[in-house]
Amino acid sequence: MAPPPDTFCFAAVGDVHGRMDRMVSSLQTWAKSAHRELAFVLQVGDFEPHRDDADLATMAAPARYKHLGDFADYHQKRRRFPWPVYFIGGNHEPHGYLDTAPEGFLLTSNCRYLGRVGVVETRGLRIAGLSGIHDAPGFQKPHPALSLLGTVSNKDYACFNEQDIEQALGLERADILLVHDWPSGLVAAEDRQDFEHQRRSPHADAVGNEYARLVAEALQPRLVLCGHLHKRYRGTLKWPSGAQTPVCCLASVEQGAEAFAIFQVSRGALQEVTHLGTLPVR
Ligand SMILES: [Zn+2]
């Protein structure tokens, strides 16, 4: 039976790191096997849309992680994203490209950067995004000017600052919030041991940052999406009022199915329907 007309699905995708083809083919495989269309795709940063080596050179990362990826095919219109993709910036991005329009812009057909702090409204949902990660030295400084690229560390472009947080807190409300790193205080007591001695999380208390949590508390969205740790997790933020916000943490596209989550909106209710466990992991 066909779903009611006000029902639709969207996908959430973890760190892509330039593997656009793999993101697209994974989602197409799901859509085909589920006989469902996707309304849009939300991506939580470390998207790495490099047009060329000059863009790649402006990304903060050790040389061994600097791969061009396949975004150039999409930018030069040899390939096309089949659905609108909305992404935020992570800590590995071509700032020489994205910072040309910190308020966000359309990079190519169906591919929009939400900006340092931005909002998009689509299909009755208000989606807010905060780009970057927390880094104490950069928090109280303005973002460096593009003209300083090459003279300051690329890392100086990769963090959000106090002004970004103020702006995000002023967004009033959101149905969905995209942040790159996790909100702090997310890991449940029973899951703590899963976070010991991981490369990206030495222990559960070190996971996440308080600013992502602060923005989530202010906006109290119906869903928070994040990536960064390359780890699948589902958690809940509990607020003093008794309200709760579910958080969906996504692995990286390179890791396979755990990078993806599919949500359905039906008669206004939003729920996760699958994590693509049936996807072939290549
Ligand atoms: Zn990443």
Side-chain angles (χ1 to χ4, degrees), residues 11-27 41-50 55-71 74 85-99 107 111 113-116 129-135 138 153-160 164 177-184 186-187 194-195 197-202 204 206-209 211-212 224-235 247-261 275-276 279 281-282:
V13 181
D15 297 20
V16 174
H17 292 293
R19 293 174 173 84
M20 309 292 160
D21 290 347
R22 184 147 178 200
M23 174 182 86
V24 169
S25 66
S26 297
L27 291 174
V41 173
L42 303 178
Q43 199 282 327
V44 297
D46 283 5
F47 190 56
E48 289 198 42
H50 309 294
D55 281 346
L56 182 63
T58 67
M59 177 176 80
R64 68 183 182 282
Y65 291 123
K66 289 203 176 191
H67 301 293
L68 198 51
D70 39 39
F71 178 72
Y74 295 81
V85 176
Y86 303 102
F87 74 95
I88 57 168
N91 55 318
H92 303 296
E93 303 290 2
H95 287 285
Y97 183 25
L98 297 187
D99 284 29
L107 283 70
C111 182
Y113 171 46
L114 291 183
R116 289 279 178 182
L130 167 68
S131 290
I133 56 166
H134 177 246
D135 178 54
S153 166
N154 287 342
K155 270 190 171 179
D156 292 357
Y157 294 86
C159 52
F160 53 69
D164 296 329
L177 171 65
L178 311 183
V179 287
H180 185 55
D181 187 14
W182 302 16
S184 57
L186 183 62
V187 178
D194 289 352
F195 290 79
H197 314 299
Q198 303 250 329
R199 185 164 78 85
R200 291 177 167 82
S201 60
V207 169
N209 72 92
Y211 295 100
V224 174
L225 300 174
C226 51
H228 189 53
L229 294 183
H230 296 193
K231 185 176 174 71
R232 177 189 188 273
Y233 187 69
R234 299 296 182 270
V247 182
C248 168
C249 311
L250 299 152
S252 74
V253 164
E254 186 178 40
Q255 292 167 286
E258 296 194 337
F260 301 89
H275 62 88
L276 274 79
L279 272 185
V281 177
R282 286 181 294 162

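Order of appearance sets the numbers: ligands from 1, and atoms from 1 within every ligand.
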| note | Residues at least two apart in sequence or cross-chain that pass salt bridge (charged side-chain N to carboxylate O under 4.0 Å, His left out) with Asp156, listed by chain then number, are none

| remark: Hits for salt bridge (charged side-chain N to carboxylate O under 4.0 Å, His left out) against Asp70, two or more places apart or cross-chain, chain-then-number order -> none

| said: Does the plane of the ring in Phe195 sit parallel, tilted or perpendicular to the ring in Trp182? Use 30° and 60° as the thresholds. | reply: perpendicular

| message | Please name the atom of His230, limited to N, O or S, that comes nearest to the Zn ion (ligand 1). | response | NE2

| task | With the Zn ion (ligand 1) at the centre, find the angle made by OD2 from Asp15 and NE2 from His17, to 10°. | result | 120°

| note | Restricting Asp46 to its N/O/S atoms, the closest one to the Zn ion (ligand 1) is OD2

| message | Can you confirm whether Lys66 is buried at NZ, in the sense that more than 12 heavy atoms of other residues, nucleotides or ligands lie under 6.0 Å from that atom? | response | yes

